[in-house]
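Reviewing the structure listed below.
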Amino acid sequence: MALTGRLGLLALLGAIVPLFVPEWRAMFAVWGALLLGVLADLALAGNVRALRFHRAGDTNVRLGESAQVSLIVENLGRRRLKARLRDVWPPSAGATPRMVRVDVPAGERRRVEMTLTPTRRGDRKAVTVVVRSVGPLGLAARQLSRAAPWTVRALPAFPSRRHLPAKLARLRELTGAHVALIRGQGTEFDSLREYVDGDDVRSIDWRATARRNDIVVRTWRPERDRRIYLVLDTGRTSAGRVGDIPRLDCSMDAALLLGALASRAGDRVDLLAYDRRVRTRVEGASRTDLLPAMVHAMAPLEPELIECDAAGMVSTLMARVRQRCLVVLLTELNAAALEEGLLPLLPQLTARHLVMIAAVSDPRVGEMAAGRGDLASVYDAAAAERARAERRRLTAELRGHGVEVVDAPPDEIAPALADAYLALKAAGRL
């Protein structure tokens, strides 16, 4: 039972009346009338306990888009129910409308439509449904809170998918009309053709040339069915925000673009998220299932405020990946974390695999480095220049270990990583 604001006003009136009418009979009469009104209102209000709730609608939505979820209200009681209903979701679910009025005749159902626009990745679960049925006099109401479970998973936004057509066009040039003429561990024989000016003399097929009157060269194409292993660092450095976006979300976007491109190139793509244990893993997915599997695996991931266990990550990789592959580690170029963790372990990793590190740089550092307006700006510029120099030193040290490094701002990291992959393909290193 719930008391309404109208009853509060009447109760106040019942307290004031005896001040002007001091007869005790008048006081009892007023309060007796209020009590009878409340009991009558409760008796005539719809029975909220006879309600049953059902759900239907979307279970997945891409971050930034909207999902539709229906709440079906079924009245199993004997009286018509007129009530206000609130479907409660977490604030990050972006549920609207907040409150609706429902009118459900006895034995019938009504559908309430909810629009969810999540502002964060992950699973958004319905909390409860609150129904408040007010009596015809407006003095009292029946109220009920009941669970109506439903989960909507907010998937990564994948804004870099707009770059995919251009990268696929470059891939078709690489594997189609424009074949690679550089021999290496990542190329395979394609065909023979006549020599033209500018061809690499190392590609001349002398046996075929001896059988003909013209010089013949071999053409090569990038090998297919290479293996790409994407590793997401979900440790404390991934929690840092660049602009208004966590570094982990930028890394996810870059991983999705590279995964889509590499799968179209015929390569096998696997995913591992790690900090001190395996957070999620996608292995053996087909070309058509890869992107759905990756976005569903990434959706509930959140950064852990702990240092990444580089030794555990490397041992996990070495145990699961026997053949040579491209290992793409999406992490932050943090000198303290890398020098104490990953750098000592790089020789054993690069001895078996081709390693690439992709990191998201903060464009704000560049803006601070250009500031000279006042004394505070000069100090900020000096700190920014020191940070940039430290980043350049760490990049040079990583490249000295044979590691490819991609360091770009949030809006450029995904296409830059895709370009680095295509460059490895073109050079025959993959």
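As the structure is a computational prediction, the values presented were derived from the model and not from experiment. These values consider heavy atoms only, across backbone and side chains, with no hydrogens, waters or symmetry-generated copies.
When all heavy atoms of M294 and A255 are compared, the pair lying nearest together is CE-O, 3.6 Å. Taking every heavy atom of both residues into account, V73 and V104 meet most closely at O-CG1, 4.1 Å. Closest heavy-atom contact between D270 and G284: OD1-N, 3.2 Å. Summarising the geometry of Y229 relative to L271, their closest heavy-atom pair is CE2-C, 4.4 Å, with the distance given to 0.1 Å. Contact record, R121 with L63: N-CD1, 3.9 Å, taken as the closest heavy-atom pair. Closest approach of L290 to G259, counting heavy atoms only: CD2-O, 3.5 Å.
The side-chain hydrogen bond (donor to acceptor under 3.5 Å, both in side chains) search around W150 returns none, not counting sequence neighbours. The side-chain hydrogen bond (donor to acceptor under 3.5 Å, both in side chains) check on E412 picks up nothing, with sequence neighbours excluded. Residues satisfying the side chain to side chain contact (heavy atoms under 4.5 Å, CB included) criterion with P97, sequence neighbours excluded, are V100, M114. Every residue two or more places apart in sequence or in another chain was checked for a side-chain hydrogen bond (donor to acceptor under 3.5 Å, both in side chains) with R146, and none qualifies. Applying the side chain to side chain contact (heavy atoms under 4.5 Å, CB included) criterion to K125, with sequence neighbours excluded, gives T151. Legend: residues meeting side-chain hydrogen bond (donor to acceptor under 3.5 Å, both in side chains) with R399, ordered by chain and number and at least two apart, are absent. The side chain to side chain contact (heavy atoms under 4.5 Å, CB included) search around N60 returns R153, L155, H296, not counting sequence neighbours. Residues satisfying the side chain to side chain contact (heavy atoms under 4.5 Å, CB included) criterion with D253, sequence neighbours excluded, are F158, P159, S160, A414.
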Quick one: do L398 and L346 satisfy side-chain contact (heavy atoms from CB on, under 4.5 Å)? Show the steps, please.
CA-CA 9 Å; L398 288 170; L346 278 179; 3.6 Å; yes
Going through the checks in order, is the side-chain contact (heavy atoms from CB on, under 4.5 Å) test met by L71 and L85?
CA-CA 10 Å; L71 176 67; L85 180 145; 3.8 Å; yes
Could you go through L326 and E404, starting from their C-alpha distance and side-chain angles, then the distance that decides it, and tell me whether this counts as side-chain contact (heavy atoms from CB on, under 4.5 Å)?
CA-CA 10 Å; L326 171 62; E404 298 291 325; over 6 Å; no
Check against side-chain contact (heavy atoms from CB on, under 4.5 Å), L168 and L261:
CA-CA 7 Å; L168 289 176; L261 181 62; 3.8 Å; yes
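Rounding to the nearest 0.5 angstrom, the gap separating the CG atom in L338 from the CG atom in L345 is 11.0 Å. Here the straight-line distance linking atom CG of L417 with atom CG of L258 works out to 4.5 Å at 0.5 Å rounding. Atom CG of residue L81 and atom OG of residue S133 lie 4.5 Å apart, to the nearest 0.5 angstrom. In this structure, CG on L248 lies 11.0 Å from CZ on R241, to the nearest 0.5 angstrom. Here the CZ-CG distance, from R277 to D309, works out to 12.5 Å after rounding to the nearest 0.5 Å. Atom CD of residue E397 and atom CD of residue E339 lie 6.0 Å apart, to the nearest 0.5 angstrom.
Residues L342 and T331 form no side-chain contact, since every pair of their non-hydrogen atoms from C-beta on lies 4.5 Å or further apart. Contact check for V152 versus W89: side-chain heavy atoms found under the 4.5 Å cut-off. In this structure, L301 and M252 have side chains that are in contact, with non-hydrogen atoms separated by less than 4.5 Å. The shortest side-chain heavy-atom distance between H401 and L343 falls under the 4.5 Å cut-off. The shortest distance between side-chain heavy atoms of L257 and L164 falls below 4.5 Å.
Identified under the salt bridge (charged side-chain N to carboxylate O under 4.0 Å, His left out) test for residues 51-73, with sequence neighbours left out: R55-D87. Annotation: salt bridge (charged side-chain N to carboxylate O under 4.0 Å, His left out) contacts involving residues 91-109, sequence neighbours excluded, comprise E74-R109, R80-D103, E108-R110.
The pair D419-R170 counts as a salt bridge, with a side-chain nitrogen and a carboxylate oxygen less than 4.0 angstrom apart. By the 4.0 Å N-to-carboxylate-O rule, R276 lies too far from E304 to be salt-bridged with it. For the pair R236 and E332, the salt-bridge criterion is not met [side-chain N within less than 4.0 Å of a carboxylate O].
The salt bridge (charged side-chain N to carboxylate O under 4.0 Å, His left out) test with D267 is passed by exactly one of R227, K425, R287: K425.
Around CD of E113, the count of heavy atoms belonging to other residues, nucleotides or ligands within 6.0 Å exceeds 12. Residue-environment remark: CZ (R393) exceeds the threshold of 12 foreign heavy atoms within 6.0 Å.
Using modelled atom types, one finds no donor on one side chain facing an acceptor on the other under 3.5 Å when comparing S92 with T119. For the residue pair D233/S238, the side-chain donor-acceptor check at 3.5 Å is not satisfied.
In this structure a side-chain-to-backbone donor-acceptor pair under 3.5 Å is present from N75 to R79. Although no hydrogens or angles enter the test, the distance criterion places a donor-acceptor pair under 3.5 Å between the side chain of T234 and the main chain of Y274.
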Considering only distance and modelled atom types, tabulate donor-acceptor pairs under 3.5 Å from the side chains of residues 375-389, sequence neighbours left out.
| from | atom 1 | to | atom 2 | distance (Å) |
| --- | --- | --- | --- | --- |
| S377 | OG | D374 | OD1 | 2.7 |

Review item, side-chain donor-acceptor pairs of residues 355-365, under 3.5 Å, at least two apart:
| from | atom 1 | to | atom 2 | distance (Å) |
| --- | --- | --- | --- | --- |
| S361 | OG | A408 | O | 3.3 |
| D362 | OD1 | R364 | N | 3.0 |
| R364 | NH1 | E367 | OE1 | 3.4 |

